[in-house]
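Lettering follows sequence order; numbering is per chain, from 1. Remember, it's a predicted structure, so these values are computed and weren't measured experimentally.
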Amino acid sequence: AEVVLDDDREDLFAEATEEVSLDSPEREPILSSEPSPAVTPVTPTTLIAPRIESKSLSAPVIFDRSREEIEEEANGDVFDIEIGVSDPEKVGDGMNAYMAYRVTTKTSLSMFSKSEFSVKRRFSDFLGLHSKLASKYLHVGYIVPPAPEKSIVGMTKVKVGKEDSSSTEFVEKRRAALERYLQRTVKHPTLLQDPDLRQFLESSELPRAVNTQALSGAGILRMVNKAADAVNKMTIKMNESDAWFEEKQQQFENLDQQLRKLHASVEALVCHRKELSANTAAFAKSAAMLGNSEDHTALSRALSQLAEVEEKIDQLHQEQAFADFYMFSELLSDYIRLIAAVKGVFDHRMKCWQKWEDAQITLLKKRETEAKMMVANKPDKIQQAKNEIREWEAKVQQGERDFEQISKTIRKEVGRFEKERVKDFKTVIIKYLESLVQTQQQLIKYWEAFLPEAKAIA
Amino acid sequence: MRDTSVSRLLLKAINVDLQSDAALQVDISDALSERDKVKFTVHTKSSLPNFKQNEFSVVRQHEEFIWLHDSFIENEDYAGYIIPPAPPRPDFDASREKLQKLGEGEGSMTKEEFTKMKQELEAEYLAIFKKTVAMHEVFLCRVAAHPILRKDLNFHVFLEYNQDLSVRGKNKKEKLEDFFKNMVKSADGVIVSGVKDVDDFFEHERTFLLEYHNRVKDASAKSDRMTRSHKSAADDYNRIGSSLYALGTQDSTDICKFFLKVSELFDKTRKIEARVSADEDLKLSDLLKYYLRESQAAKDLLYRRSRSLVDYENANKALDKARAKNKDVLQAETSQQLCCQKFEKISESAKQELIDFKTRRVAAFRKNLVELAELELKHAKGNLQLLQNCLAVLNGDT
């Protein structure tokens, strides 16, 4: 039986840049699976209740399509497909256990046999899907959305059966990430047409994804290849004839840096908000105790009321921390990974250019050989040389075509990506601000209720 | 830094019913923070004949306040009163350290970030400064409002003598600190010791104060932690605002305006969040801290009464023994009478003091809790307004 452990099954090229950078987010443990700084444990019920809220806060929200957007869709087919990932269920026991998620598709697209259907998938299935798509589309310039990251620590806790708040949070975080991943993938018009994607969404049985093991021989080899590739990439000095590409690469580099910085600040906010929540809860209890020992009746009552208010506010902080994380923080980390995919695609173009260059150089060599053979008057060698020249001429032509194609595809993809990025950020940030509005409205309610109690102290 | 305005806020917060008495009015009209000390300008207005003038000022440092406080504690005549708790020592170490660290790290951040953080830290420094001024003022006002303590000679010297009081010998301070520590340690022991007080009032007060003091201590610590978390979150808003600004100025798409607007929102909302934290600190944390000290002072009073009761009981025993032996009876009788008088005097004034303590406490809590709620409401409404305005603009654009 296969054990799902940590390893990156991402396509080599997409991850090449990340291997080189020291602070790649993949390498950091997931924030919420660590105990939060102020030790008060959060009971599972308080997590699961808002979870239903946060579920509606994550995927479907981002991907609401407006009338205009639907009409704008390039290929004329009405884009109407909605994916939900839900009902995580533990299957099996011990280290062989895994979480199964329900993937539900709602669509009116004709390419699907039904308009609503669902299947059960496990995490490695998602990784398998991504690796298939990546291997088919990345090297020709399509920005394939990256799959969520693996985590040994998080998954082990779940397998071992730790029913605590951190493993519940971990599963929810993963579920939401898987949902966003699928939503992004199906929004891509080219990827949507892919049969592997359709099989993933539709078929009840899926062949197990192989090669997702960590620390296997293949895994180590892959890591080594990635590193070597990264080094190679750095030494390709491309003769950039098109300023657009250089400009865009620089822009994405800047954007990457800024997003990482923002992400770090938002993660700090999530952390402090959780701390605030725990400290508020502790204060509430303390205030209640103080109220109990206060011997002036009216003041005693007011202090108890204060304790109640603070308890409610603690709940608010928790919910806000959810929003901070699932809306703001996750959006940023998704985009940090997406930009890595974009950079990967630019790298592919460079490799493609390199291949073309190499073909041209080889062709030149073959022509020289032919010339030499002609001088030396060796008829059979001349024929061989002529054959090779023809072969390489074809390769040069193919190389040029490939290069032009990938360049064209990337331009289109980047355009699409930028539009999506703008829309995503606007939608999610607005939703996030609305969550802040809700918090303030609740605060007003609570304090308005308390004020007369305080005034009643006689 | 010189500042006086907010010291009045805290003063009113803690001591609600201190009459502005024409006979004696004391306040701290100015304060100056020098490298490692704070100089308070104590300003007095009085119609009492004890003073040479009707209005005058002197400069005092923290140690001189402590000297005054200690002189009250040591005075046997005041054993039956709750001695107003001494103000805490001004402590700018943490704040100074942060400012220093900021200076060292100046190279590693943008000019804008540096300016923001500097402003933040300076505001923090100022807040601590204002608080310490307020604490010292509250102490003086409590003394001035007390019918007996206000007449104390040392107090008048403190107010009027415009030279150095020369009490800054560290050794003496240390000795006094030790003395106090011992008092407090044994205080609980004596109060808690099995003997149930005959007087129901004092029995109740004893039980009440012991528990109350502990609970206030806990609440004060938890409130502090809560306030600090609030501040940390507000600081995060600051950094988020800066990052969004950077994104807004660099982005090539039409999302720039969006980012800039949201950055502005975070900057503004952060100011409100910082104010929330500061107000909670003032109305809740400081209130609890003050009553922690006051309840300790009340406990000390109970201790002194208990001690005088023990002395009285011992004097009774000595008298019985003397009568039995028929030796030194007169001496024993005198001694017993003195102890009896002392005990009764302390009990009488202690009762009134404890009743006043309750009145003051209830009034102070009421005032602060009301103000806390009002401020929380004000800030939440302000925040809400900001957010709704921003959303209106953002939704209008997209």
Novice: Quick check on A:Tyr446 against chain B: is it the side chain, the backbone, both or neither that has a heavy atom closer than 4.5 Å?
Specialist: neither
Novice: What is the distance from atom CG of A:Leu436 to atom OG1 of B:Thr269, rounded to the nearest 0.5 Å?
Specialist: 7.0 Å
Novice: Does any heavy atom of chain B fall under 4.5 Å from the side chain of A:Glu310, the backbone, both, or neither of them?
Specialist: side chain
Novice: Please determine whether salt bridge (charged side-chain N to carboxylate O under 4.0 Å, His left out) holds for the pair B:Lys358 and A:Asp295, giving the CA-CA distance in whole Å, both sets of side-chain angles, and the decisive distance to 0.1 Å.
Specialist: CA-CA 9 Å; B:Lys358 182 168 173 171; A:Asp295 69 349; 3.6 Å; yes
Novice: Please report the interatomic distance CG(A:Leu259) to CG(B:Leu247), rounded to the nearest 0.5 Å.
Specialist: 5.5 Å
Novice: Could you tell me whether the side chain of A:Leu451 reaches within less than 4.5 Å of the side chain of B:Leu369, counting heavy atoms only?
Specialist: no
Novice: Where does A:Glu448 contact chain B at under 4.5 Å (heavy atoms): side chain, backbone, both or neither?
Specialist: both
Novice: Going by atom types only, do B:Asp218 and A:Ser286 share a side-chain donor-acceptor pair under 3.5 Å?
Specialist: yes
Novice: Determine the option with the most heavy-atom pairs under 4.5 angstrom with chain A, choosing from B:His379, B:Glu211, B:Arg215, B:Lys222.
Specialist: B:Arg215
Novice: Taking atom NZ of B:Lys217 as the centre, does the number of heavy atoms from other residues, nucleotides or ligands within less than 6.0 Å exceed 12?
Specialist: no
Novice: Using a cut-off of under 4.5 Å for heavy-atom pairs, which of B:Ala380, B:Ser223, B:Cys390 has the most such pairs with chain A?
Specialist: B:Ala380
Novice: What part of B:Val370 gets closer than 4.5 Å to chain A, counting heavy atoms only: side chain, backbone, both or neither?
Specialist: both
Novice: Measure distances from A:Tyr432 to the heavy atoms of chain B and classify the residue's part below 4.5 Å as side chain, backbone, both or neither.
Specialist: side chain
Novice: Can you establish whether the number of heavy atoms outside B:Lys378 located under 6.0 Å from its atom NZ is more than 12?
Specialist: no
Novice: Can you tell me which portion of B:Phe266 sits under 4.5 Å from chain A's heavy atoms? Options are side chain, backbone, both or neither.
Specialist: side chain
Novice: So, taking the atom named OG in B:Ser229 and the one named NE2 in A:His272, what distance separates them when rounded to the nearest 0.5 Å?
Specialist: 7.5 Å
Novice: So do B:Thr227 and A:Phe283 actually touch side chain to side chain, heavy atoms under 4.5 Å?
Specialist: no
Novice: For the residue pair B:Phe258 and A:Val422, establish whether any side-chain heavy-atom pair is separated by less than 4.5 Å.
Specialist: no
Novice: Donor-acceptor pair, distance only, cut-off 3.5 Å: does the side chain of B:Arg366 make one with the backbone of A:Ile457?
Specialist: yes
Novice: Let me know if B:Leu386 has heavy atoms under 4.5 Å from chain A in its side chain, its backbone, both or neither.
Specialist: neither
Novice: Please look at A:Phe450 and chain B and tell me whether the side chain, the backbone, both or neither of the residue comes under 4.5 angstrom of a heavy atom of that chain.
Specialist: side chain
Novice: Checking A:Leu299 against chain B: side chain, backbone, both or neither under 4.5 Å from a heavy atom?
Specialist: side chain
Novice: Can you confirm whether A:Thr439 sits close enough to B:Asn383 that some side-chain heavy atom of one is under 4.5 Å from a side-chain heavy atom of the other?
Specialist: no
Novice: So which of A:Leu262, A:Val266, A:Leu303 has the largest heavy-atom pair count under 4.5 angstrom toward chain B?
Specialist: A:Leu262
Novice: Can you tell me which portion of A:Glu294 sits under 4.5 Å from chain B's heavy atoms? Options are side chain, backbone, both or neither.
Specialist: both
Novice: Is the closest side-chain heavy-atom distance between A:Gln441 and B:Lys381 below 4.5 Å?
Specialist: no
Novice: At what distance, to the nearest 0.5 angstrom, does CG of B:Asn395 lie from NZ of A:Lys426?
Specialist: 10.5 Å
Novice: More than 12 foreign heavy atoms under 6.0 Å from CD of B:Gln250: is that the case here?
Specialist: yes
Novice: Given that the side chain runs from C-beta out, which part of B:Tyr212 has a heavy atom under 4.5 Å from chain A: side chain, backbone, both or neither?
Specialist: both
Novice: Which one of B:Leu265, B:Leu387, B:Asp235 has the most heavy-atom pairs closer than 4.5 Å to chain A?
Specialist: B:Leu387
Novice: Hey, what do you get for CG (A:Leu433) to CG (B:Leu391), rounding to the nearest 0.5 Å?
Specialist: 5.0 Å
Novice: Ignoring hydrogens and angles, tell me if any N or O in the side chain of B:Arg225 forms a donor-acceptor pair with the backbone of A:Asn279 under 3.5 Å.
Specialist: no
Novice: Of the listed residues (A:Val309, A:Thr280, A:Leu443, A:Leu255), which shares the most heavy-atom pairs with chain B below a 4.5 Å separation?
Specialist: A:Thr280
Novice: With respect to chain B, which residue among A:Arg421, A:Glu434, A:Gln257, A:Glu418 yields the maximal number of heavy-atom pairs within a distance under 4.5 Å?
Specialist: A:Arg421
Novice: More than 12 non-hydrogen atoms from neighbouring residues, nucleotides or ligands closer than 6.0 Å to OH on B:Tyr245, yes or no?
Specialist: no
Novice: Going from CD on A:Gln258 to OG on B:Ser242, what distance comes out if it is rounded to the nearest 0.5 angstrom?
Specialist: 10.5 Å
Novice: Minimum heavy-atom separation for B:Met226 to A:Leu276, with atom names?
Specialist: O-CD1, 3.5 Å
